[in-house]
Each structure stands twice: as structure tokens, then as C-alpha cells.
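Order of appearance sets the numbers: ligands from 1, and atoms from 1 within every ligand. Quick caveat, the model's predicted, so the values are computed rather than measured.
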Amino acid sequence: MTGTTAMREDLYPSRKGAGPRILEREDRVVYAAWTPGAPLSQEQTRTYGRDGVLVLENLFTADEIRLLQREAAQLHRTWESFKEETAILEPGGQALRSVFAIHAQNDIFARLAADARLVKIARFLLRSEIYIHQSRLNYKPGFDGKDFYWHSDFETWHVEDGMARMRALSMSILLTENFPFNGPTMFIPGSHRRFISCVGETPDDHYRSSLRRQEYGVPDRGSLARLAEDGILMPTGEAGTTVIFDCNTLHGSNSNISPFPRSNVFFVYNAAVNRLEAPFGPAMPRPEWVASRTGIEIIQPVEGHLVPDAA
Ligand code: 6CS
Ligand code: FE
């Protein structure tokens, strides 16, 4: 935590006003200038800047995807071995919803988080060295996987974690095929360029409930309807598909009442120059396993394919 929090400017005030407001984004989306040596094409870079979301296919081989799927299944079978607080159950049930800090609890996913095919893109878009702000393995099991209501991750990471600027992004690697009917993540393209200042408060230890069902820091329906006027993007596709989205792109997903699980692994890369300060909201900082604050390790990209014994 740097500086006296009482004096610092809050560019993105939220959960402070009497009513919802839509503010302009004060930060860039793509921080680097595209050059022919960039890890994304000029078209892909433009798409990401315009929409705040980009879908990449065929980054990984079939063997690598099978390795990740086997690892996710093994973790699901043994999830009791996790530090219990990082294993989040579905609301109202006992089905496993997410495992947080997966990069710090599993060698294969730690290796994936450092993979050059992901890290080089994140460093390019953020024009900075990067570290993992948060990681999670979302299982969204068949029949029992519940929804994630519309939200901006940045709103939470700003208010509850103290992330000052929009210089972070998530990469979601699909571990099961995402169909229209098993609860794929949906995005509102272009919503990243507006910040919806939410109403409401921040309960103490909010993460104990918000990671199961988020009820504070969610946008109002009027603002959602306005930003969704140009449509909703619902990327579906094979396991291995990688969805990159800006920290402030509105997204959510429906419940999964199909028999088919919709699992994905998320890595949130934050620019090292944007490391967390004191929360901009009233609550205490969230635990390290949900928001890296003290255990920051700059990621060096690891070349080559994932191999079974990643240790
Ligand atoms: O509070 C958070 O950080 C988490 N909540 C949601 C709904 N998405 C981002 C993140 O996993
Ligand atoms: Fe989210």
C-alpha cells in the first residue's frame, strides 16, 4: 500500500454514490504499439482494443489439452486436499464451483500460467512485466453449475483489492467444450470502455459469499441494457480455446443445467506497474489467494509444450 490513501485520487469510484453512473475509461486498453514482431496480428490487436475480448484457437496441441483435462479431473477428485478456503462450493450445494490460486497449488497449471504463448501476449497488451493477480479453475459441473451474474472484474479488484488502473487482463482456457447450452462465459463487446459505478456497499469478508454468488458490485439493469445495445458475444468452442478479456469487460454466464461440465482455467495477469494499493472501498484487503499482494513474482515466459511432469 503506497501513499496516504486519504489523499489519492479515485478515478473509478464505485459503491459510493446514491445512484449508478457510467464513467469514461481513463486508461488505455492496448498499451503497446503494434509492430510486425508482436505476438498478435494487427487485426487481432485491433479487435481486442475495440471489443475488450479476443478469442484464440489452436494455441495448444491435443496432447497438451488432454494433459490439462486429466489434471483438472484429478484435482476435482482430490479437491479436499486443497487449502479448504481456496475451494469454493456452488451456492446452496456441495458441488465444487472453483479452486482459487490454482497456479500456486498445482505444477501443471503453474507451468501453463507461465507459458510463453500466453505471457508474451499479456506483456504486449499491457506493455509491462506481469504477475498473477488471481487464478482459478472454474468447474461449472453439469446439472449443478450455477450462474455468474454480469459484472466487471475490475470493479471488484478496484474497490476490494486496490487495483488503481485498468492495466490487467484475464485469459480463460476452456478445458471442456463450450456449447451454447452448458453455460459459456458471455461478454458485452465494447463495455470495457465504460466504467459502471455501482451502488451499494461492500460487506466485510464479502469474498466469502461473492465467489459463490456476487450480489454487491454488480451493475444495474439500466446500465447493462445500455451497454448491451450492440450485442452480446458468447464464444463457444473446443477445449483449448483461449479467451482473452480486459479487466473491465462486462461478462457473466448462465447456469449449467446440461449434463456436460463447462470447465475453464483463468489466469489474471496484472501489470507490475499496477500492483495493488489499499482497497478503494471500505473493506479490509482480501486474502492473498484471491488477490496477490505480498507474494508477487514477475513471470518469465517459458517456451515449449506442456509436459506431464511439469514440476
Ligand atoms: O471477486 C473476484 O475477484 C472474482 N469474482 C468474479 C465474479 N469474477 C472475477 C473473480 O473471479
Ligand atoms: Fe469475472
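- Between R111 and E64 there is no salt bridge, since none of the side-chain N atoms of the basic residue sits less than 4.0 Å from a carboxylate O of the acidic one.
- One hydrophobic cluster, built from ILVMFWY side chains closer than 4.5 Å, holds both L54 and V29.
- Only the side chain of R136 comes within 4.0 Å of ligand 1, counting heavy atoms alone; its backbone N, CA, C and O stay farther away.
- At least one N/O-N/O distance between W157 and ligand 1 falls below 3.5 Å.
- Within the 3.5 Å criterion, the main-chain N or O of N254 finds a donor-acceptor partner in the side chain of K140.
- At a heavy-atom cutoff of 4.0 Å, ligand 1 is contacted by no atom of V290, backbone or side chain.
- Looking at ligand 1, you'll find an N or O of H151 within less than 3.5 Å of one of its N or O atoms.
- For ligand 1, the atoms closer than 4.0 angstrom to any heavy atom of T156 are 1 (O).
- Judged purely by atom type and a 3.5 angstrom limit, R25 uses its side chain to pair as donor or acceptor with the backbone of R28.
- Of the protein's non-hydrogen atoms, the one nearest atom 10 (C) of ligand 1 is Q134 OE1, 3.1 Å.
- Set against the non-hydrogen atoms of D153, the atoms of ligand 1 under 4.0 Å away are 6 (C), 8 (N), 9 (C).
- Looking at S14 and E155, their side chains do bring a donor and an acceptor atom within 3.5 Å of each other.
- Draw a line from the Fe ion (ligand 2) to NE2 of H251 and another to OD1 of D153, and the angle between them is 90° (to 10°).
- Hydrophobic clustering keeps L211 apart from L96 (ILVMFWY residues linked when any side-chain heavy atoms are closer than 4.5 Å, directly or through intermediates).
- Close approach to L211 involves these atoms of ligand 1, each under 4.0 Å from a residue heavy atom: 1 (O), 2 (C), 4 (C).
- Shown are F280, W157, F154; of these, the ring-ring contact (aromatic ring centres under 6.0 Å, His included) with Y12 is made only by F154.
- Which parts of ligand 1 touch R286 is read off a 4.0 Å heavy-atom cut-off, strictly below it: atoms 1 (O), 2 (C), 3 (O).
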